[in-house]
J.: 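Pasting a structure below so you can have a look.
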Amino acid sequence: MIQPQLHHVFALAIALRIGFFLFGLYQDKYMIVKYTDIDYVVFTDAACYVYNGQSPYNRETYRYTPLLAYILTPNCWNDQWYSFGKFIFMISDLITGYFITKLIQISQPSISNSKLLILSSIWLLNPMVITISTRGSSESLLTVIIMASIYFLVKGNIIISALWMGLAIHLKIYPIIYLSSIAYYLSNKANPFINIKLLNLLNYKNLLYIIISLSIFASLNLIMYQYYDYQFLFETYLYHLVRLDHRHNFSIYNVLLYYKSAIPLESDLIDIERFAFIPQLLISVIAIPLVFSKSDIISTLFLQTFAFVTFNKVITSQYFIWFLIFLPHFLLKSNLTYKNSLNGIFLLLLWIVSQGSWLYFAYQLEFLGLSTFDTGLLYSSIFFFLSNCYILGQFIVSL
Amino acid sequence: MIKQRTTIFNPNESNDDVVSSIERNQVVFKTGSADNSTTPFIVENKITVPLDQTLISQYNLIKQVRIQTSDESVTDDVVFTYKFNHGTNIYILPKNVHNQEQQAQFYEQVNDLLQHLLNIDVKSENWIRITNSLYYHDESPRTLSLDWFSQVDDLVDSHTYDIFFNNDDSEGNASIVLKQLAHLPYSTDYTIKLKDNIRKEIGLFIIDKVISSPDDIVLSGIRAILNKEEAESDEEYIFKTLFHIKPRHRIVDGLSDSRIVENGLHPIIKSTFNSFEEKQDSDVIECKLYYYINLNKSLIFDKYQSIPVGANLIVNNGVSNLELPEYKISEWGNEILFEFDNITTNNIEFTVHSRYQLPSNITNSTVIHNSLPQLFYACNVRDDYLLDKSPFDTKLSIGGNYETYFTGDTVFYHIDHTSNSSIVVNIPNANDSIDRISTISILTVLFGVGIILFQLFRVIFRAPKVTATRKNE
């Protein structure tokens, strides 16, 4: 009998992506509910504006860097090229899988073949991952850049890593939270400039990393600002701070923000939008990096991202991809996979059930038109939030 | 001098016995039989009042205002055909507005005018910009204040009217023109009397069916002029009249039915119409099917996703934001016009998306009434110069909903709606107090933070793992 090898997993991963993609073409053509994500339509419209010499922000709801629209301009060449972006996303998704596998091998060179196959399959054969990229969501473009950055970081090439990280932050602002972990991780990789408590955390490696990544981020922003002015800044970054279109999503803040958006600005109620960042950043940018980043950078990134998403004001399913890229590595290091596997299974079920309960009430609202805001959606988002907090707590003690 | 033109259209076969008396100082009509065996008469009053200097200067930044309101209560009308949208449609055009201060004054003047006429408060941000004016639409018809027409005794109670306030005094014809349309009640005497300072022209017509066709309606009947000055000069005041009109708006035999297909927060607006042969009157050159709708701001129209199969989006004026809740949108909504090159089905449907509504303590859903769409064929015709010669033509420089987007040589074939058509959308909203939601949410966040910090502290303070070597030692 043939022993499955890593290349078999990759072959299957490619075949699955092609299969999902082809099914998507069929569904788009013959079924009422389309397979292609609405975001892909938005990207493509924006890319066509760029292709015709206009601003991608002419397309309402385009809230990304113009770079993405530039990358996807072949979508507009003709009908045959419409799926060009999906191919880019699928390839990015596969390369992300490649980096995940390499990082597992680097972390544990003696890993057994079966363990490697199982862990890499969490990404490569994950139907959620495959669906997201084949439907045309751009998350995999971000994940491949982040994983490239982490790969080079772990390999010790901090300049290349910082370049990728700067690009990742430009594409979507949230990877900026990784800088604290990476800086702390690099704090014992070189001699400090000054030997004074706290200041001795600073050395040329982490300083260089931060300077390079932020310079790339700033340079790209400056270039985009030159072309698209304030609209670029607003649509790409600022909008996410001031948005009032809190349509239902998994976030614990969702129902509250809906109520909050409906009251006058001068009301003396607590400004929850402003304070929501405090627990989010306290846990994901300070506490978790301080505890874990020196011992295990990739697991730290996983915990950070999981916490960041849990406390975010907006959570959609695509955000789960943000931490899923680090999950295989985390499971490699955590006792939840083998020693404490029952707890691991319980946590997985808890995550699925709590998410499912929210989806049930969201379905009632979205497709049946029932008002589930005040009970179903509120309590299921509390259930999902507290489940995530509990799961995160278990993740923390499992390392 | 005020001018009044009262046109009574008798849709029955004969004008016999309709005129009870006709004299220099009054005309009396008997408008139908008590046993309801006759079709109700339709009357159109057109009142032209010259604007005095006070009004001209009071509204010096307003060039034109047109208000068209319809409750669709007048049926079986092939002569006057007020085919504008159900509800209130207001068009405004400024003049001499060159800076923001004047712009603010202009909106103040408009609001003042509308308060006076309709008792309606329209803020500057409620208007949408369309091709040649600013436009406001409300699904509800409004009662018109008749202050400015108080001298006219013959107005009827009607929610179907068309006002054109024209303050463009460059040609010295600044005036306000009111046209109103109503059915006349059965078996009552409709009396129009001579009055000082008003020149009244009264007509009673039937369609001469023998020589009429849909593109050339021949009206025959009598006209009478009630005017004190003309009466004193002993001029003729009764005229037998026959004239031709080439109607711009015509009605086809089929009916359409529009309703909402419920689909949660993504309702589908569906219009079904009877199969019918495209109208081929002798003057028609070329036709296309169109669909016009004014969409309430609670419904999101996505120009990238919501276009019906086979349609081209010709007009989409108004709200472009695809995400904000209803209470963050200032404009009244969207004006949309689709064109169909080749339609192969009898259905037109497209999905819209419901905006979030204000939370309410009373109800958990908000009911949105949207005006019905207009479904029509627009056709180029021969002898188009005759269209605006009709005394009942509705096309003006502004207003007319879809009319604005078509050239003067266009004729519209309307597919009327069935009586039970309606576009009513129920949108779920939150139904609790923010204090309760806020308390629960914040306590939950604090509890969640506690869970995570507790586990982090457990890790920080837990005993370091004992290595195998140390264990042996």
Side-chain angles (χ1 to χ4, degrees), chain A residues 38 41-42 45 59-61 243-248 252-256 258-263 267 269-270 272 275-276 279 282-283 287-288 290-292 307 310-311 363-375 378-379 381-382 385-386 388-390 392-397 399, chain B residues 262-267 302-305 319-328 351 353-360 363-366 425-460 462:
Chain A
I38 179 67
V41 180
V42 175
D45 291 338
R59 199 329 175 167
E60 291 84 357
T61 73
R243 62 191 297 182
L244 288 167
D245 53 313
H246 301 290
R247 288 184 83 86
H248 48 285
I252 179 69
Y253 298 110
N254 178 246
V255 177
L256 177 56
Y258 166 28
Y259 274 92
K260 185 74 179 31
S261 72
I263 59 172
S267 155
L269 265 167
I270 296 172
I272 194 73
F275 290 103
L282 171 77
I283 292 170
I288 289 173
L290 279 176
V291 178
F292 293 107
T310 299
F311 283 88
Y363 172 82
Q364 290 198 317
L365 171 67
E366 183 92 36
F367 295 104
L368 304 181
L370 301 175
S371 174
T372 55
F373 296 105
D374 304 302
T375 49
L378 177 71
Y379 293 123
S381 69
I382 288 173
F385 172 77
L386 290 178
N388 274 296
C389 291
Y390 177 76
L392 183 59
Q394 293 300 301
F395 284 164
I396 286 167
V397 291
L399 282 174
Chain B
E262 288 189 11
N263 188 30
L265 296 180
H266 312 282
D302 182 349
K303 67 179 177 187
Y304 300 98
Q305 296 281 301
V319 185
S320 59
N321 187 288
L322 304 177
E323 295 157 322
L324 283 173
E326 180 271 341
Y327 43 88
K328 297 289 178 189
T351 304
H353 310 284
S354 306
R355 289 188 194 276
Y356 269 31
Q357 302 292 306
L358 267 179
S360 158
T363 174
N364 62 8
S365 79
T366 309
V425 183
N426 273 295
I427 304 177
N429 56 255
N431 181 214
D432 207 325
S433 78
I434 186 167
D435 293 334
R436 178 180 161 272
I437 302 292
S438 180
T439 308
I440 292 174
S441 302
I442 292 170
L443 286 176
T444 305
V445 171
L446 291 175
F447 187 55
V449 171
I451 292 172
I452 296 162
L453 290 181
F454 173 72
Q455 299 294 19
L456 277 170
F457 281 119
R458 270 185 67 194
V459 170
I460 292 167
R462 80 180 160 195

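Each chain gets a letter, A, B and so on, in the order its sequence line appears, and its residues count up from 1.
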J.: Starting at CG of Leu368(A), measure out to CG of Asn263(B) and round the result to the nearest 0.5 Å.
T.: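 Here the rounded value is 9.5 Å.
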J.: Just how far is it from atom CZ of Phe447(B) to atom CD1 of Ile252(A), taken to the nearest 0.5 Å?
T.: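 Rounded to the nearest 0.5 Å, the CZ-CD1 separation comes to 12.0 Å.
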J.: Roughly how far, to the nearest 0.5 Å, is the CD1 atom of Ile437(B) from the OH atom of Tyr253(A)?
T.: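 So the OH of Tyr253(A) and the CD1 of Ile437(B) are separated by 15.0 Å.
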J.: Calculate, to the nearest 0.5 Å, the distance between atoms CG and CG belonging to Leu265(B) and Leu365(A) respectively.
T.: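 Separation between the atoms: 4.5 Å.
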J.: Please state whether the side chain, the backbone, both or neither of Ser320(B) comes within less than 4.5 Å of a heavy atom of chain A.
T.: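 When you check distances to chain A, atoms from both the backbone and side chain of Ser320(B) fall under 4.5 Å.
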J.: Between Ile440(B), Leu456(B), Leu446(B), which has the largest tally of heavy atom pairs under 4.5 Å with chain A?
T.: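 Ranked by heavy-atom pairs under 4.5 Å with chain A, first place is Leu456(B).
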J.: Give, as side chain, backbone, both or neither, the part of Leu358(B) having an atom under 4.5 angstrom from any heavy atom of chain A.
T.: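 Contact with chain A involves both backbone and side-chain atoms of Leu358(B).
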J.: Would you call Tyr258(A) and Pro359(B) a side-chain contact if the rule is heavy atoms closer than 4.5 Å?
T.: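 Touching, per the 4.5 Å side-chain cut-off.
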J.: Looking at Phe367(A) and His266(B), what are the two nearest heavy atoms and their distance?
T.: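 Result for this residue pair: CE2-CD2, 4.3 Å.
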J.: On a heavy-atom basis, which atom in Tyr304(B) and which in Asp45(A) lie closest, and how many Å separate them?
T.: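 Closest approach of Tyr304(B) to Asp45(A), heavy atoms only: CD2-OD2, 3.0 Å.
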J.: Which bit of Asp374(A) comes within less than 4.5 Å of chain B, counting heavy atoms only: side chain, backbone, both or neither?
T.: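 It is both, since atoms from each part get that close.
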J.: In terms of heavy-atom pairs under 4.5 Å, which option from Val42(A), Leu282(A), Leu378(A) contacts chain B the most?
T.: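 Result: the option with the highest number of such pairs is Leu378(A).
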J.: Using a 4.5 angstrom heavy-atom cutoff, name the option from Gly450(B), Ser354(B), Pro267(B), Ala430(B) with the most pairs to chain A.
T.: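 Option with the top pair count is Ala430(B).
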J.: Sort Val291(A) into side chain, backbone, both or neither according to what part of it lies under 4.5 angstrom from a heavy atom of chain B.
T.: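 For Val291(A), the contact with chain B is made by the side chain alone.
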J.: Is a side-chain donor or acceptor of Tyr327(B) paired with a backbone partner of Ser261(A) at a separation under 3.5 angstrom?
T.: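 No, because the side chain of Tyr327(B) does not come within donor-acceptor range (under 3.5 Å) of the backbone of Ser261(A).
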J.: Please rank Tyr379(A), Phe395(A), Tyr390(A) by heavy-atom pairs under 4.5 Å with chain B and give me the top one.
T.: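 Top count of heavy-atom pairs under 4.5 Å with chain B: Tyr379(A).
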J.: Are the side chain of Tyr259(A) and the backbone of Asp432(B) linked by a donor-acceptor contact shorter than 3.5 Å?
T.: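 Judged by distance alone, yes, a pair lies under 3.5 Å.
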J.: Which region of Ile38(A), side chain (C-beta onward) or backbone (N, CA, C, O), has a non-hydrogen atom less than 4.5 Å from a non-hydrogen atom of chain B, or is it both or neither?
T.: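 Side chain only.
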J.: Testing the basics here: between Phe311(A) and Val449(B), what is the closest heavy-atom pair and its distance to 0.1 Å?
T.: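 Looks like CE2-CG2, 3.6 Å.
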J.: Counting only heavy atoms closer than 4.5 Å, note whether Phe292(A) contacts chain B via side chain, backbone, both or neither.
T.: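 Just the side chain, heavy atoms under 4.5 Å.
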J.: Is chain B contacted by the side chain of Leu392(A), its backbone, both, or neither, given a heavy-atom distance below 4.5 Å?
T.: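 Interface part for Leu392(A): side chain.
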J.: For the atom pair CD1 (Ile452(B)) and CD (Gln394(A)), what is the distance rounded to the nearest 0.5 Å?
T.: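 If I round to the nearest 0.5 Å, the distance is 11.5 Å.
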J.: Between Asn364(B) and chain A, with a heavy-atom cut-off of 4.5 Å, which part of the residue counts as in contact: side chain, backbone, both or neither?
T.: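 Asn364(B) touches chain A through backbone and side-chain heavy atoms alike.
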J.: For chain A, which candidate among Leu322(B), Asn426(B), Asn321(B) shows the most heavy-atom pairs at distances under 4.5 Å?
T.: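 Of the candidates given, the most pairs with chain A belong to Leu322(B).
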J.: Between Val459(B) and chain A, which part of the residue has a heavy atom less than 4.5 Å away: side chain, backbone, both or neither?
T.: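 Answer is side chain: those atoms of Val459(B) sit under 4.5 Å from chain A.
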J.: Is chain A contacted by the side chain of Arg355(B), its backbone, both, or neither, given a heavy-atom distance below 4.5 Å?
T.: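 Interface part for Arg355(B): backbone (N, CA, C, O).
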J.: Between Leu453(B), Ile427(B), Val445(B), which has the largest tally of heavy atom pairs under 4.5 Å with chain A?
T.: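 Of the candidates given, the most pairs with chain A belong to Val445(B).
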J.: Where do Cys389(A) and Gly448(B) come nearest, in terms of heavy atoms and distance?
T.: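 Heavy atoms only, the tightest pair is SG-CA, 3.5 Å.
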J.: Starting at OG1 of Thr444(B), measure out to CG of Leu256(A) and round the result to the nearest 0.5 Å.
T.: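 Going from the OG1 atom of Thr444(B) to the CG atom of Leu256(A) covers 10.5 Å.
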J.: Answer with side chain, backbone, both or neither: which region of Val41(A) has an atom nearer than 4.5 Å to a non-hydrogen atom of chain B?
T.: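 Just its side chain gets close to chain B.
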J.: Using side-chain heavy atoms (C-beta onward) and a distance below 4.5 Å, is Val255(A) in contact with Ser441(B)?
T.: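 The answer is no; the side chains never approach within 4.5 Å.
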J.: Less than 4.5 Å apart, side chain to side chain, heavy atoms only: is that true for Glu323(B) and Glu60(A)?
T.: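 Sidechains of Glu60(A) and Glu323(B): no contact.
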J.: Could you report the tightest heavy-atom contact between Asn429(B) and Phe373(A), atom names first, then the distance?
T.: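 Answer, listing the atom of Asn429(B) first, then Phe373(A): C-CD1, 3.6 Å.
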